[in-house]
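Below is one structure, written out as structure tokens, with a few remarks after it.
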Amino acid sequence: MSDDDNAYLGLAEAHEGDEAHWAFGTGFEDPLHGTDTALPPGVDGQALAARCLALGDDALVLAQRLAQWCTRAPELEEELALANIGLDLLGQTRLLYTRAGQADGSGRSEDDFAYLRDADAFRNVRLAELPNGDFAHCVARLLVLSTWRLAVFEGPTTAADPVLAAVAAKGIKELAYHRLYAAEWTVRLGDGTEESHRRMQQALDAVAPYLDELYAAEDVRGQVEAVLRQVADSAGLVLPGTAGLPGSGRDGEHTEHLAPLLAELQSVARANPGATW
Amino acid sequence: MPQMNNVQADWPLYEVFVRGKRGLNHVHVGSLHAADDRMALTHARDLYTRRNEGVSIWVVRSSEITASTPDEKDPFFAPSGDKVYRHPTFYDIPADVPHI
Amino acid sequence: MTTAAAEPAAPPDPLQQHFDDTIARDHRVEPRDWMPEGYRRTLVRQIAQHAHSEIIGMQPEGDWITRAPSLRRKAILFAKVQDEAGHGLYLYSAAETLGADRADLTRRLIEGRQKYSSIFNYPADTFADVGVIGWFVDGAAICNQVPLCRSSYGPYARAMVRVCKEESFHQRQGYELLLTMMRGTEGQRAMVQNAVDRWWWPSLMMFGPPDGDSPNSAQSTAWKIKRHSNDELRQRFVDMTVPQAERLGVTLPDPELRWNEERGSHDFGTPDWTELQRVISGDGPRNAERVSRRRAAHEEGTWVREAAAAHAAKQAERREEAATSRSVACPR
């Protein structure tokens, strides 16, 4: 009595006649549903906007680096995984930029922030903008940034604004998965072969100088270091000391790699002034 | 260390089963490649439930599945064919009996 | 008419008979069933080519993710290209139920021994191409694939159910992008028309050579792997697309295109079949680049795949050692 063709019926049945949904799935939630977007009393709009912008910039720039992996991942399954992570970060970016435009009173849109600012106006941490290296580098950067960002989103500093709190609540689930993905790969590469061990150690060494900048921007050193140490231990890797580089992307100081990244990101939008997409 | 001199770059095949929502059985949805069970689960999440299609995932190495073969079709599946009394339609119930 | 057999009829093979009955009753053939070797071979080839097309098809559009001109478009395109990787995987998975091995199929692709759809050997020159690829290429793919949801091989048909559901998002996002661009600046409208001009004929070629030159079609149709001829599907695509083009306000680049009242269909010009032959045999504008990108990703990923396999092997060994030492520590 079972119909061979309908193995997916159980997956799809909840959504029949629901035209807004193009595929299987239990639908899509608005993470800000029911959230009051009015600025709460006592919150400094400019400071909130700056914070949203900085957290948005981190996410956009890292999402752009992940998009550059597309069609180049070491296995097809990893294409799916890296794209999922990139899409999560892009989603966070859009919510944070929109909030920034509300909080600073300018009414600027997500695209105004993404496409109409030059590199010196971006406030992302420099680790996000470093060029893609090998897959170990991708994993190391992702491990560090997702651990750090998760600690920030879980911390008390996002609670003052209901919108930022809602973005963080959604982001926590996403980032926990990103961290898991990166931690598992760190262990695999650290433990796997001689070559992968060497590459993974190199990648950790390469990202370590950027850690102080993260802790200066968001004071979550304790939580982050504990996680990194645990992962490094399981992977048989050495967590290098953080002889930090001077300067910070949070102050608009960037490596030479950010400007070309933005030039690519903004190329079509800027070449067609007045266009609608 | 028999594996180490001859490392395989090709990951084994896993079969994936997804429970679409609570109250339903897990349904076979396809397969994927992964180096180990953990990776198979995360890959299954990313590949087969990226539109929230599931609430639970099972993965199992394809090589671990024991299946009936078409040759066994008759002994496995034919005996119930004559046990028509197992099926509710075998029993005539007057139309005016409610809720049955 | 077909009774003039040269040899006396062989007694019907019960396995063959069972297979023939399954096909005749429109039931599905499933992985462990007996099937004629030709059926298996044809399916593996078709499914693999289809999977390769999805994977190679990520490239023309994938290159625009980093340049998408709004964050909304960026997310849509990223998700779409990701879906293509997913579709490739569903299809490789179906091929593997026939005893094929994905690593082997990948080798065939990157060594140029197995083909993929000719369409992906054309360049995507502007962002309008993203829209036109969604509209034409995914539209053509839907025409091709919807009948495959009833293909006689179960795992292939089921994979296509999923792919088709997801493809409809692809086509719609493409058409919606074009609608938006046509409402934009003069420059954007010109960009759309230019992309339409470049993709129309290659899209018609996606359905394959005309029926008269498609030698394998008859057998595939008899096996119900294929449900409609190339020309039927091409006609369906044209009839579906013409009103969409009118609504959009673009001109399809075919002076012979007109409604034929008598046939209840559109007449249209003949694609340049020599161009199709050229592109299929490897001499399209982007063949070399597409395959070499795929090869590079696969080869550069080798150390990663090896590392994961090595870690898994070590872990298994450690578990075994732990189990052994436990049983030593607690003798029964």
Side-chain angles (χ1 to χ4, degrees), chain B residues 1-18 20 26-54 57-78, chain C residues 14-15 18-19 22 29-35 78-79 82-83 85-97 99-107 154-156 158-159 161-163 165-166 169 298-317 319:
Chain B
M1 309 286 277
Q3 300 282 324
M4 291 317 295
N5 294 328
N6 185 19
V7 175
Q8 266 294 325
D10 302 333
W11 297 337
L13 191 66
Y14 280 80
E15 302 298 325
V16 181
F17 301 79
V18 172
H26 283 78
V27 172
H28 182 243
V29 293
S31 64
L32 49 75
H33 288 267
D36 55 44
D37 298 355
R38 277 297 315 166
M39 191 198 277
L41 265 187
T42 51
H43 282 166
R45 171 214 189 253
D46 287 326
L47 176 59
Y48 288 106
T49 69
R50 65 188 185 285
R51 289 181 166 85
N52 301 336
E53 294 95 327
I57 301 171
W58 289 348
V59 292
V60 60
R61 285 274 281 264
S62 308
S63 57
E64 296 294 313
I65 290 183
T66 308
S68 63
T69 66
D71 308 343
E72 291 162 333
K73 189 173 152 76
D74 287 351
F76 261 65
F77 303 111
Chain C
L15 290 172
H18 185 260
F19 174 84
T22 304
V29 178
E30 293 294 346
R32 296 166 69 91
D33 293 347
W34 182 89
M35 60 188 83
F78 209 167
Q82 182 198 36
D83 271 351
H87 297 174
L89 286 175
Y90 305 155
L91 288 159
Y92 284 126
S93 166
E96 287 188 294
T97 64
D101 169 48
R102 189 167 106 202
D104 174 56
L105 298 178
T106 302
R107 266 190 298 278
Y156 189 30
R158 291 191 288 273
V161 169
R162 202 175 173 105
V163 168
K165 284 226 170 202
E166 297 181 352
F169 138 57
H298 188 70
E299 288 173 357
E300 282 162 24
T302 305
W303 72 270
V304 178
R305 298 191 303 276
E306 282 177 355
H311 169 69
K314 285 184 184 179
Q315 285 292 84
E317 212 164 290
R319 271 195 300 275

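In what follows, chains carry the letters A, B, and so on, assigned in the order in which the sequence lines appear, proteins first and then strands, with residues in each chain numbered from 1.
- Under a 3.5 Å cut-off, the side chain of R158(C) and the backbone N or O of G30(B) do not form any donor-acceptor pair.
- Heavy-atom minimum distance, A309(C) versus W11(B): N-NE1, 4.0 Å.
- For the atom pair H311(C) NE2 and M39(B) CE, the distance stands at 8.5 Å (nearest 0.5 Å).
- In this structure, the separation between CD on Q82(C) and CG on D46(B) is 7.5 Å, given to the nearest 0.5 Å.
- Considering only heavy atoms from C-beta on, H33(B) stays 4.5 Å or farther from R305(C) through its side chain.
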>> The test is side chain to side chain contact (heavy atoms under 4.5 Å, CB included); show your working for E53(B) and R162(C) and say whether it passes.
In response: CA-CA 12 Å; E53(B) 294 95 327; R162(C) 202 175 173 105; 3.1 Å; yes
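- Nearest heavy atoms, A312(C) versus D36(B): CB-CB, 3.9 Å.
- Of the possible polar contacts, one joining the R32(C) side chain to the S68(B) backbone as a donor-acceptor pair under 3.5 Å is found.
- V29(B) is not listed as a side-chain neighbour of Y90(C), based on a closest heavy-atom distance of 4.5 Å or more.
- With salt bridges taken as basic N to acidic carboxylate O contacts below 4.0 Å, one links D83(C) and R50(B).
- Contact record, L47(B) with G86(C): CD1-CA, 3.5 Å, taken as the closest heavy-atom pair.
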